[in-house]
Each structure stands twice: as structure tokens, then as C-alpha cells.
Amino acid sequence: MNQKIPYKSMPPKRVRHKKITDRHNGKEQIYYEIRKVLSGTRSRMAFLLLALVLGITLYFALGVEYVNEAGESERGPAAVASLRAAQKAWSGYLEEETIRQVIAENRRINETPEGRSEQIKESNIAYGWKQGIAEIRSLLNCSYAEAFRTYDYYRADSLTEEAAGAFYENRTRLLQEWLADEAGDQYLEAEKVYLIGKYESLETPFYYDYRKGWTQLFTFAPTVVMITMLFLGYLVAGIFSNEFVWRADAVFFASCHGRDRAVAAKVWAGVGIVTAVYWMVMLIYSAAVLGYLGADGWNCPVQTEQGDWKCFYHLTVWQKYVLIAAGGYVGCLFMAGLCMLVSARVRSAVPAVMVPFVLIFLPSFLGNLESAAVNKILGLLPDRLLQVGTALGYFDLYTLGGRVMGAVPILLVLYGIGAAAVLPVVYWCFVRS
Amino acid sequence: MKLEIENLTKKFQDVAAVDGVSCTLTTGVYGLLGVNGAGKTTLMRMLCTLLKPTEGRILWDGKDIFELDGAYRRVLGYLPQDFGFYPDFTVRDYLRYISSIKGLRPVAARQRTALLLQQVGLEKAENKKMKKLSGGMKRRVGIAQAMLNDPRILILDEPTAGLDPNERIRFRNLISELAQDRLVLLSTHIVSDIEYIANEILLMKDGKICIAGTTEELTAGMPEQVWRVSVPRNEAASYTKRYKVSNIKTLHGEAQLRILSVERPADNAVLEEAVLEDVFLHYFGERAGGGEE
Ligand SMILES: Nc1ncnc2c1ncn2[C@@H]1O[C@H](COP(=O)(O)OP(=O)(O)OP(=O)(O)O)[C@@H](O)[C@H]1O
Ligand SMILES: [Mg+2]
């Protein structure tokens, strides 16, 4: 035929497939799978968006204020240092004597002209003086509250030193009263015993320290983890469906490993992306918050913070951090697994991207139903893993084989197994398509 | 080296896209010729283990290909008709990735990629992103991809679709070059694509292989003869109604018709040698390459 434009001849030496093929190239496959996901402007935009949201979250997390001698709010490293110094002055075991001193100090400030003043500027100055005891003062509000579920910001102001001795007893007493009355029909007898036992066996006195870094870290952790999950959902949603969307499936499945290793590589690529992105975000977030605000207070019991005063888990601050980080990881892995499953099954990324949205936002709508039975189920949904810090504060109890347990350990085990189980299903599902 | 197809049937709902096909393929180029919807793609997808047959089996050297699974696909190269790719991969990345899922060692993958890029004339485009290639370049990457594992069985579904005549010719040359020592099955509905390079031609119609043989066998075996008739232009229409006309050429008010007929269609008719296109017309009752309309 047309001899003017021939293709170059193949060299005489021919390589036979038996010599050139090999079994151990899984890593290469995973590498290219990850590149398929990460190359392209869309994923780059997604990364930028994640960085942006993380930046905004950090702005709020690091936005700790300190009220100076003039009653003005300050921000920035100097403000953090001042707050830290003020609260460090009260670090130590919260024994009866310390409580007494805090009550006295609070009253002393209240009785100064600034403390009595109705003017904003003056009362700001008085508030500034209270910053050192502010956290402990909040604990007083909790301990001496009228009822288990009430919180009165001014309760501490009406206390006298004589009350100091009841600081820890109040915690258990209010719980007992609540269980006997208002919450009486919400819990089984064994569960009540369990809760009270947990309260009574909590080691006192608490060791208190400046711990603003951790408090801020915990406050914004659910936001960070959820944003990361939505982002991960977007990334992994395409791993399987894009093969069809790009019409590359025929070549893929007709290749030697198209129904075994190449599919496994996809699953591992998903796991790899979740692992790398999650821990990278977690590391950046934690390092930024703790680096800026300080990691002091890591060994305090979680109950030294107003929000966790009622928490029935016996945990120190660093243990809570580990649970939050690990729970978030398990949750992301599980949800990403579901995402990949939907992607492999329906061959479209759109419903797959929706999976994390539904799993994260649906429970909060259902939560408004205020039904005990619904709440029992909600307590075990995977979104709780993305906010373990919050879940630790919930009174979700489950009785399994006569043993009463909180939701968090169940969640970790349940979805740890769930994540491990969903991945083979994804594999199997895609191999058979 | 033998690929046996036994009574192969594929039904979509109640429609049999491939209907009881049996044949044996060995080394050489096989041209699968058929109109749109004849079932070529469906047959090929089964040969690539992408579709499970409703009935029948496919044996590679006596073993069922679905049981051989990966071991069969190890010796298989496939260029799909509807061929997609990863838009953000460069040509080289793409070939390296396909090498990896075909189980090539990295060293072999590098060598094969370089060699094939050269063979299909894409060395200069190796760093181009796939989404930026022209249709013809994509097809060439497609061929290269199919050849990566140096397959014994090469299945090409309409490899020349969408190519300009020049590219077509280059493709033909490339394919005959690649064909040594392999089984190449090539589908098309364009006769000239395979007329000269195929050792054997399979004509497919309504899911069945209606006839198979070399070009010579097919042309010789055709019951009708080919005639050339010159008639006045205004009479041409009456001939197209009565006969299968494979070509009409008008020249100075005269029409020159190429007619398939058992008996002499007109007194001035001259016998011509039949070509594959005439065979196609004979079996499919329409002009080859013209599609259904
Ligand atoms: N997935 C499917 N579901 C239902 N019907 C299908 C499917 N794939 C193919 N068909 C039908 O099977 C028949 C054969 O299709 P096929 O694609 O094999 O034809 P073809 O010879 O490759 O045609 P073309 O020359 O247009 O590529 C057609 O009637 C088609 O509509
Ligand atoms: Mg086709």
C-alpha cells in the first residue's frame, strides 16, 4: 500500500510475555491509581478548598482573647501568653482549699468597685481579673448548679467558702437526683448503677492546669474531621466509577490483573488516600493549635473543663485526643469505604459523593425527633465517630450481654470491623461488574 | 495456539446479539466484517472475557477462557471500539499504568512503552496529556496499549474508525506488521480496511457468521457475477431498482454501473472480476461502508 509513510519496523528480537510479566507490581498499580485521583484540576481545586476551610477553622480555633488591665480584648501570641500565665497561677490539684480560694477570689473581685459597676468598661476590667480562675469558676457553676441539667453563669457569685467541701460530692448528687427523677424512665436500673459507679469511682481531686490549647482543639475537631471526610468522599468517589465514566473499563477488565490485583490496588489507593489525607490534616491542625496555644494540661482529667464536667468516661485530656483522632480515622475509613462501594456499584460518582453528606447530616435532623428509641440508634451511627469529643459527653448507654457500656467503645469496635469488612465487599463488587 | 468458539450465543433480554457462532481461529489476521448492529462488538467483548456468553464456550488451546481468567488475559490485547482513557495522564503514564495492570515488570514496561511509542509514531507525543490528543493519536495509543504485553491474541474493534485515509493506510501497514505470529481479529464495516491484510474474512450478519474464507474463496464462491454496464443516465434508475448495484459512475451523460447478477443484465454488459466489496453487497444487500441508510 502507501509506502511513503511506513511505521518503523519492530526490531527482530521479540520479548515473550512469560519473560516480561511479573506478579509483584502492586505498588506501581497503587501509585498510578492515586495519581488518577489526584491529577487533574478538579482535585487540585478540592485540595485548595480544603486548605482554605482548614485555614478559616484555624483562625477561629486560635482566636483566643485576653482582656487586659484596661478592660480591652486582645488577640495574638502576647494575649495567649498572658492568659496562660494567669491560669497557670491556679494550676495544681483542685482540693477543698483551692476551691475555697477560688470562691474567695471570685467574691473579692465582685466586691471591688469595678466588680460592682454596671458599666461595660468597668465590668470588663473585673472580668479581666477573673481570667485566671475563669475555668475553675465555670466548674463551680456546674458543681453547685440547681439541677443536673441547668447551668447558671452567676451561680459561682453567690457561693461562700463554706460550700467548698461539697465540690466533688455535688457532681454525683446531682446525677443521682436526676436519675431518680427526670431521667428515671430513660435508663435501666443497671445503667443507673453503672453511671453512678462511674461518677463515684472518678479519681478526685482533679489536677487542673491551663489547657486552652486542648479545649480549642476539641471544640473545632468535629468541624475539621467532617470537612476532611466530605473532601475525602469527593476524592474516593471517582476511584471506581471513573473507570466507567471515562470508558476505560474495557481495557481495564481485559487486562491480566483487571479482575484481581488491579482492583485491589484501587481499594488500597482509597485506603492510602484516606490515611494520608486524614493524618496530614489532623497533624497540621493539632500542631497549629497546640503549637500556638500550648499543650499544657495534657494530663488533666477531661472533667476539668466545663463541657466535660458531666462526662462519665474516665479519661485524661491526651487520651481524649487519641480517641478523637482514632475515632475520626475509623469513621473516615468506614464512610470512604461506603463511598467506594456506591461508586463501584452504581458506576457514578455523584451518588457516591452524597454518601458522606447523608451520613453526616441526616442524623442531626433525626436528632430533633427527641425520641429515646431513635436516640439509641443515633448514638451508634458513624457520624458520631467524626465527633468523638462530643460523643464522649453524651449519656448513650447500651447493655450488651449484661454489661453496660458507653457508645464510644462500641462505635470504635463496630466501625473498625465495618471498615475492614466493607473494603473486601468493594473489591468483590467491582471484580464482578 | 488455537481459539475455538463453540456455539457462542449472547442474548440481551430476548434479542440474540450473537447467535450460535462456531469457528476456530489460529495464527493470522481475521477480518470480521458486518453492518452496524451485526454483533461484532458483542462477540469481541465475549472473547475478551468482558461479557459472559448466554450459551456456548470459548476455548483457548482447549481450556475455557473464563476458567483461565487472568492467565488468558495475560496473552490478550484488546482495543475496544468505544475506547476511553484517563484524561490527565500523559501518553507515557497511560502506557505505564496499563503495563502495570497487565502485569509487566517495570523494566519491561519501560522498554515496551518506548518501543511501541516508536512503532505507532508517537515518540514526540509521549508527554502530552491524553485529553489533548487527536482522535487518530488516541487510536494509535489504543493500539500501543493493546500490544504492551506482546499478546498472542490481538482483538481490535474497528481500529480505523474515525481515521483519515492516510492514517487508515498507516494503520493497515502497522497491523500487518504486528500480525506476525499472532492471532489478530479485526472488526470493521469498511471492506477496504481488511481486503488486503486479512488472511481470512468472517462475514457477520444478525449475530451469525454467514460465511468465512479468504478474499479469493469468498469472491469465487459468490453465486452472482459482476457486470459492468454503460447505460444512458436516465435509465440508471431502472437498473438500481432491479439489480444490486455496487457502484455508479456518471460520465458525459452516460452512467457506468457495476451490477451483481446471475444473468447478463444487458447486451453490452461486460464481465468484471469480483472484489470483496461485491461479496459484501451480495450478502448484506447494500453498498459496503454505506451503513444502513
Ligand atoms: N448492552 C447491551 N444491551 C442490550 N442490547 C445490546 C447491548 N449491546 C449490544 N446490544 C445489541 O446487540 C446488537 C449487536 O450489537 P453490537 O454492538 O455487537 O454490534 P456491532 O456489530 O458491533 O455494531 P457496530 O458496527 O455499530 O459497532 C445490537 O442490536 C445492539 O443493539
Ligand atoms: Mg461494534
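Note on naming: letters A, B, ... go to the chains in the order of the sequence lines (proteins, then strands), and numbering restarts at 1 for each one. Please read these numbers as outputs of a predicted model, since none were measured by experiment.
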Fill in the blank from the handout: In terms of heavy-atom pairs under 4.5 Å with chain A, the winner among B:Thr49, B:Leu76, B:Asp82 is B:Asp82
Handout entry: Main-chain N/O of B:Leu178 paired with B:Arg182 side-chain donor or acceptor, under 3.5 Å
Key = yes
Handout entry: chain B contact via A:Tyr31 - which portion, at a heavy-atom distance below 4.5 Å
Key = neither
Practice task
Side chain from CB out, backbone as N, CA, C, O: work out which of these in B:Leu79 comes under 4.5 Å of a heavy atom of chain A, or both, or neither.
Solution key: neither
Handout entry: Any donor-acceptor N or O pair under 3.5 Å, side chains B:Glu158, B:Ser187
Key = no
Practice task
Would you tell me whether A:Thr275 and A:Tyr329 have side-chain atoms, one donor and one acceptor, within less than 3.5 Å of each other?
Solution key: yes
Practice task
Pick whichever of A:Ala250, A:Gly40, A:Ser255 has the most heavy-atom pairs under 4.5 Å with chain B.
Solution key: A:Ser255
Fill in the blank from the handout: Interatomic distance, CZ@B:Phe85 vs CZ@A:Arg247, rounded to 0.5 Å, equals 7.5 Å
Completion exercise
With chain A, the option among B:Pro87, B:Pro80, B:Gly70 that has the most non-hydrogen atom pairs under 4.5 Å is B:Pro87
Exercise for the section: Pick one of side chain, backbone, both or neither for B:Arg45, based on which atoms fall under 4.5 Å of a heavy atom in chain A. Expected result: side chain
Practice task
Apply side-chain hydrogen bond (donor to acceptor under 3.5 Å, both in side chains) to B:Arg92 and B:Asn127, showing your working.
Solution key: CA-CA 6 Å; B:Arg92 198 202 308 123; B:Asn127 287 321; 2.7 Å; yes
